[in-house]
Amino acid sequence: MEQENKLFQEVNGGYTMLEAINEAKRCLHCKIPQCKKGCPISHDIPDWIHELSMGNLGNAMNIINSKSNLPAVCGRVCPHEKQCEGHCVLNKKGQGIRVGKLERFIADFDGDMGLIRENLLPKTRGKIAVIGSGPAGLTIAGDLARQGFNVEIFEMEPEPGGVLMFGIPEYRLPKDIVRREIKKIEELGVVFHCNTTVGNDELTIDKLFELGYDAIFMGTGTGRPQKLEIPGSDLKGVRQAIWFLRRVSLYNEGNMSRDEIVVHEGDRVFVIGCGNTALDAARTAVRIGASHVEVVYRRTINEMSALHSEYEEAVEEGVKFSWQSNIVEIHNDNGRLNEVVIECNGERRTEKADFVIMAVGSAPESRIVSTTTGIDVDDRGYVLTREKPYGMTTRKGVFAGGDVVNRPSTVVLAMRDAKQVAEGIAQYVDAMKLMESINKGGELKKPEDQK
Ligand code: FAD
């Protein structure tokens, strides 16, 4: 266990204070910052980098807080090379500013030192239920709590965080970092109810309205993995990547035994797909002791959705890649998976195998929409929402955002969507309360007030 824990240690180190300040000093503080254009939540990047370059970490953190509830997470897992860093003008002269590492440095420093104490508004504007505590739910909760709403989160897992806690592995995103970000949201007055599923006999959307919530947000993600139907895909040795990653995460936290991980030391593992989830599963299989891990992808290297840097790290760790290839058959010996047949350019080869992991996408669960009326979804189960108020579903007062609406994407895109939905919810609740008070007759101004 100790040996394995070491393997799950974070792979990319952070900056020291000296390194961070030196990197910050390289920023040109451009008048029209391209990095900000490249950031989905339009972070005021040059402003907080400038504060950092002068050693003002509290000011830097305050600027970051005004746009993001999860900077220590984004600093680690955002696709920076395609976003802020990729847009930095210094790329033309060599190396762009390492924005992600700087954001991570400031957020970690604030986490260690507890620099910021926010002034909180009294929670008088309304009561909001948030279902799901992934990046979308956490963002809504943080934004609305800061604006004076009473927010409670309902999460079916034993701990909040969504994919941040049970998907992205420890070596890329340490769970203590996620917990620290969540604690900051809790300190804004947000209440968490874990082990609480919405959409069963006890708790439904209708029940939440009966309990007095003014609006409900669904940030329930895409927890239903897609399956490839190939001969042998029903064998026990074929598992879903998110199932596997969740188990390893529970094991790393001491909440599951090694036997329950199913992949054994020395196993030969084949992973289907080449996105974030596939590479996380492959690199996790290496860490858990598999002797051969091969990613089988039907397209080319240029078409994979995983980041190139992640691919390079996977190669360094020993993961093999087969491009333009498909697993077309999975064989067994007395019910135990023992071979895969891989086809590439019309040629077939048979490989000894113990385990096949599928990472070919996911879709929303229907738990909530099937236990209530009025929430329309498309033919794949994604929730339909309105432009005005932004994020409201076809049921009045129920909003949705993040992956359950937009398809599996990224942490920061789920956050961006959720930030807009938070505005939609605030507008809706304010308007409803105003109409209520008018309908009740409202209080009339006294003559002296009207001057
Ligand atoms: P989720 O994070 O899925 O959260 C949904 C939450 O809702 C979960 O906690 C779930 O338990 C809860 N829930 C669902 N139904 C109910 C219910 N009925 N009642 C109560 N609770 C419920 N993105 C990046 O930017 N960088 C990466 O490196 C990256 N790596 C990834 C690796 C993996 C393995 C995966 C699966 C995804 C990765 N992503 C990455 C994508 C990113 O994590 C998602 O886009 C993001 O988490 C979506 O956020 P969300 O809040 O919409 O949903």
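Along the sequence shown, residues carry numbers from 1. All ligand and atom numbering here is 1-based and tracks the order in the structure.
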Answer yes or no: does an N/O atom from Val163 fall short of 3.5 Å to an N/O atom of ligand 1? yes

Does even one non-hydrogen atom of Gly199 get within less than 4.0 Å of ligand 1? no

Among all protein heavy atoms in this structure, tell me which lies nearest to atom 10 (C) of ligand 1, with the distance rounded to 0.1 Å. Glu155 OE2, 3.5 Å

Need the ligand 1 atom indices (1-based, order shown) with element for anything under 4.0 Å from a heavy-atom of Gly402. 52 (O)

Are Val99 and His80 close enough that some pair of their side-chain heavy atoms sits under 4.5 Å apart? no

What do we get for Leu413 next to ligand 1 when only non-hydrogen atoms under 4.0 Å count, side chain, backbone, both or neither? neither

Return the orientation label for the Tyr297 and Trp323 ring planes: parallel under 30°, perpendicular over 60°, tilted otherwise. perpendicular

No-hydrogen, no-angle side-chain donor-acceptor test under 3.5 Å, Thr372 and Asp206: yes

Within-shell test, Pro135 vs ligand 1, heavy atom, strictly < 4.0 Å: yes

Please state which part of Phe166 comes within less than 4.0 Å of ligand 1, counting heavy atoms only: side chain, backbone, both or neither. neither

Under 3.5 Å, is there a donor-acceptor pair linking the side chains of Glu103 and His43? yes

Non-hydrogen atom of Glu365 closer than 4.0 Å to ligand 1: no

Heavy atom to atom 14 (C) of ligand 1, shortest distance: which of Thr220, Ile368, Val369 holds it? Thr220

Pairs of nitrogen or oxygen atoms closer than 3.5 Å, one from Val411 and one from ligand 1: do any exist? yes

Would you mind running through ligand 1 and noting each atom that sits below 4.0 Å from a heavy atom of Glu157? 11 (O)

Short side-chain donor-acceptor distance under 3.5 Å, Glu312 and Ser309: no

Ion pair present between Lys175 and Glu159, side-chain N to carboxylate O less than 4.0 angstrom? no

Could an N or O of ligand 1 be found under 3.5 Å from any N or O of Ala136, whether backbone or side chain? yes

Out of Asn276, Thr284, Val198, the nearest non-hydrogen contact to atom 27 (C) of ligand 1 is supplied by Asn276

Under 6.0 Å from the ring centre and within 45 degrees of the ring axis: does the NZ or CZ of Arg283 meet both conditions for the six-membered ring of Tyr171? no

Atoms of ligand 1 less than 4.0 Å from Ser409 heavy atoms? 41 (C), 45 (O)

So, taking the atom named CD1 in Ile106 and the one named CG in Leu57, what distance separates them when rounded to the nearest 0.5 Å? 6.0 Å

Tell me whether ligand 1 is touched by Gly223 - counting only heavy atoms on the residue side and a distance under 4.0 Å. no

Rounded to the nearest 0.5 angstrom, the CG-CG distance for Asn69 and Leu188 is 7.0 Å

Given Ser322, which partner from the list Glu343, Arg298, Glu294 fulfils the side chain to side chain donor-acceptor pair (under 3.5 Å) test? Glu294

I need the atoms of ligand 1 closer than 4.0 Å to a non-hydrogen atom of Ala414, numbered in the order shown. 48 (C), 49 (O)

Nearest-contact summary for atom 7 (O) of ligand 1 - protein heavy atom, Å: Gly132 CA, 3.2 Å

Listed partners of Glu170 passing salt bridge (charged side-chain N to carboxylate O under 4.0 Å, His left out), at least two apart: none

If you count the atoms of ligand 1 from 1 in the order shown, which ones are under 4.0 Å from a heavy atom of Phe154? 20 (C), 21 (N)

Nearest-contact summary for atom 26 (N) of ligand 1 - protein heavy atom, Å: Val77 O, 2.8 Å

Could you tell me whether the side chains of Tyr390 and Asp417 share a donor-acceptor contact shorter than 3.5 Å? yes

Ligand-residue contact atoms, ligand 1 with Ile131, heavy atoms, under 4.0 Å: 17 (C), 19 (N), 20 (C)

To check your reading of the model: name the closest protein heavy atom to atom 34 (C) of ligand 1, its residue, and the distance in Å. Leu245 CD1, 3.5 Å

All N/O donor-acceptor pairs, side-chain side in residues 267-278, below 3.5 Å, sequence neighbours left out:
residue	atom	partner	partner atom	Å
Asp267	OD2	His264	N	2.7
Arg268	NE	Lys352	O	2.7
Arg268	NH2	Glu351	OE1	3.0

Does some non-hydrogen atom of Arg172 fall short of 4.0 Å from ligand 1? yes

Considering non-hydrogen atoms of the protein only, which is the closest contact for atom 32 (C) of ligand 1, and what is the distance? Asp280 OD2, 3.1 Å

Under 4.0 angstrom from ligand 1, any heavy atom of Thr196? yes

Honestly, is Arg246 close enough over Phe166, meaning NZ or CZ under 6.0 Å from the six-membered ring centre and within 45° of the axis? yes

Got the closest protein heavy atom to atom 53 (O) of ligand 1, with its distance? Gly221 CA, 3.5 Å

With only distance considered, is Asp403 within less than 3.5 Å of ligand 1 through an N or O on each side? yes

Of all protein heavy atoms, the one nearest atom 22 (C) of ligand 1 is Met156 CG, 3.7 Å

Does any N or O in the side chain of Gln147 come within less than 3.5 Å of the main-chain N or O of Ala426, such that one atom is a donor and the other an acceptor? no

Top protein contact for atom 36 (C) of ligand 1, by heavy-atom distance: Thr277 OG1, 3.5 Å

Determine whether a donor-acceptor pair (N or O, by modelled atom type, separation under 3.5 Å) exists between the side chain of Thr284 and the backbone of Ala282. no

